[in-house]
Structures are given as C-alpha cells and as structure tokens.
Amino acid sequence: MVKSRAVSAKGVQEFRPYITRSLPVGSQITCADNTGAKILEIIMVKKSKTRVSRMPSGSVGDFVSVVVKKGPAELKKQIYGAVIIRQKYPIRRLNGSRISFEDNAAVLVTPEGEIKGTDIKGPVAIEASEKWPRIANLASIVI
C-alpha cells in the first residue's frame with residue numbers, strides 16, 4: 001500500500017492513506033441525496049494529476065464536477081459539484097481491512113462544501129466524512 005503525506009495549510013504534515021481511484025471521467029453514478037437527481041455523470045475530477053492519455057479518475061472523498069443525466073427537468077443538463085461517498089472497488093484501511101459498497105454514489109455539493117439536499121440515503125465511507133464534515137452531519141450511517 002502506498003502511503004502519502006500531505007502538508008496542510010498550517011505547515012503540518014498529515015497522513016493520508018492511498019485510495020484506488022476507480023471512477024474515471026464518464027462514469028455514471030447514483031445520487032444519494034434528496035435533491036431529485038437520480039443518475040450523475042462525472043465530467044471532471046478536481047485536483048487530479050495524471051499521465052498523458054490516462055483518464056482522470058476519482059475515489060471516495062473526491063470533489064468532482066457532474067452532469068445530471070436522470071432527474072427533474074430543472075436539474076438535467078446542468079453542471080454541479082459533487083462529492084463521492086461510496087465506491088464498489090475495495091478501499092483498504094490502515095488496520096488491514098477492506099471495505100466495498102454495493103454501488104458508486106455521490107451527493108451534490110456547492111463549491112463551499114454545503115450540501116444541496118437535506119438527507120443522505122445509505123451509508124457514507126469514513127474517508128469521505130473526514131474530509132467533508134457537513135456530509136458527516138447529514139449521514140445516517142458512517143462506515
């Protein structure tokens with residue numbers, strides 16, 4: 001397992017475990033909040049570095065830009081920000097366990113981190129709730 005260290009805004013090194021990026025640009029994922037959107041398509045992954053001819057990919061906790069593919073007419077074909085809260089591909093935790101979810105899911109979020117909906121359906125990965133505290137507040141189950 002590759003471990004990465006990042007320097008925070010305060011200049012302190014913080015440990016951030018590596019999570020396999022399993023959701024490339026073009027992936028269709030379910031929307032896990034109550035905004036009305038059903039299916040989202042990833043069009044861009046923020047803060048993504050990659051190699052030539054490799055698709056930018058996202059993982060749990062990443063901020064992505066999405067387009068609503070299925071949902072109410074006022075939401076369709078609009079670009080929104082979203083945070084990925086679940087992925088099917090197993091996530092390896094520091095204690096050695098692996099966790100995988102039934103589906104790939106995200107919640108619609110404003111650029112400041114405020115959630116558009118008022119409820120989150122299904123479980124949320126701990127990795128996403130640590131990065132985004134507002135998501136942790138609304139989540140019914142954090143795994």
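Hydrogens, waters and symmetry mates play no part in the numbers below; they use all other heavy atoms, side chains included.
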Inset, instruction - Please round to the nearest 0.5 Å and tell me the distance separating atom CD1 of Ile135 and atom CD of Glu130. - result: 12.5 Å
Legend entry - Of Lys47, Lys46, Lys131, the residue whose pairing with Asp62 passes salt bridge (Lys or Arg N to Asp or Glu O under 4.0 Å): Lys131
Legend entry - Contact check, side chains of Lys88 and Asn104, non-hydrogen atoms, under 4.5 Å: yes
Inset, instruction - Check the hydrophobic clustering (I, L, V, M, F, W, Y; side-chain heavy atoms under 4.5 Å; chains of links allowed) and say if Ile115 and Ile85 are grouped together. - result: yes
Legend entry - Any side-chain heavy-atom pair of Val66 and Ile43 under 4.5 Å: no
Inset, instruction - Check Ala37 against Val68 and note the closest heavy-atom contact, atom names and distance. - result: CB-CG1, 3.9 Å
Inset, instruction - Output the distance between atom OG (Ser27) and atom CE (Met55), rounded to the nearest 0.5 Å. - result: 7.5 Å
Legend entry - Validation row: Ile91, Thr20 side chains within 4.5 angstrom (heavy atoms): no
Legend entry - Nearest atoms (heavy-atom pairs only) where Ile79 meets Ser65: CG2-CB, 4.5 Å
Legend entry - Residues, nucleotides or ligands: over 12 heavy atoms within 6.0 Å of Glu114 CD: yes
Legend entry - Close side-chain approach of Gln87 and Ile19, heavy atoms under 4.5 Å: yes
Legend entry - Donor-acceptor contact present, side-chain Asn95 to main-chain Ser97, <3.5 Å: yes
Legend entry - Ala82 to Ala106 - nearest heavy-atom pair and separation: CB-CB, 4.2 Å
Inset, instruction - Taking the side chain as every heavy atom from C-beta outward, state whether Ile42 and Ile29 have any atom pair closer than 4.5 Å. - result: yes
Legend entry - Least distance between heavy atoms, Ala139 atom then Val124 atom: CB-CG2, 3.6 Å
Inset, instruction - Among Leu40, Thr110, Leu75, Val109, find the residue that satisfies the side-chain contact (heavy atoms from CB on, under 4.5 Å) test when tested with Tyr80. - result: Leu75
Inset, instruction - Keeping the roles fixed (side chain from Trp132, backbone from Gly61), state whether a donor-acceptor pair exists under 3.5 Å. - result: yes
Legend entry - Under-4.0 Å salt bridge between Glu127 and Arg93: yes
Legend entry - Nearest heavy atoms of Gly81 and Phe63, plus distance in Å: CA-CZ, 3.6 Å
Inset, instruction - Please examine the side chains of Asp33 and Leu108, heavy atoms only from C-beta on, and report whether any two atoms are closer than 4.5 Å. - result: yes
Legend entry - Flag side-chain contact, heavy atom, 4.5 Å: Lys38 against Lys69: no
Inset, instruction - Using a 4.5 Å cut-off on heavy atoms from C-beta on, say whether the side chain of Leu23 contacts that of Ser57. - result: no
Legend entry - Shortest non-hydrogen contact between Lys76 and Lys70, atoms and distance: CE-CA, 4.5 Å
Inset, instruction - Determine, using the 4.5 Å side-chain heavy-atom cutoff (strictly less than), whether Ile143 and Val60 are members of one ILVMFWY cluster. - result: yes
Legend entry - Same cluster (ILVMFWY, side-chain, under 4.5 Å), Leu138 and Val107: yes
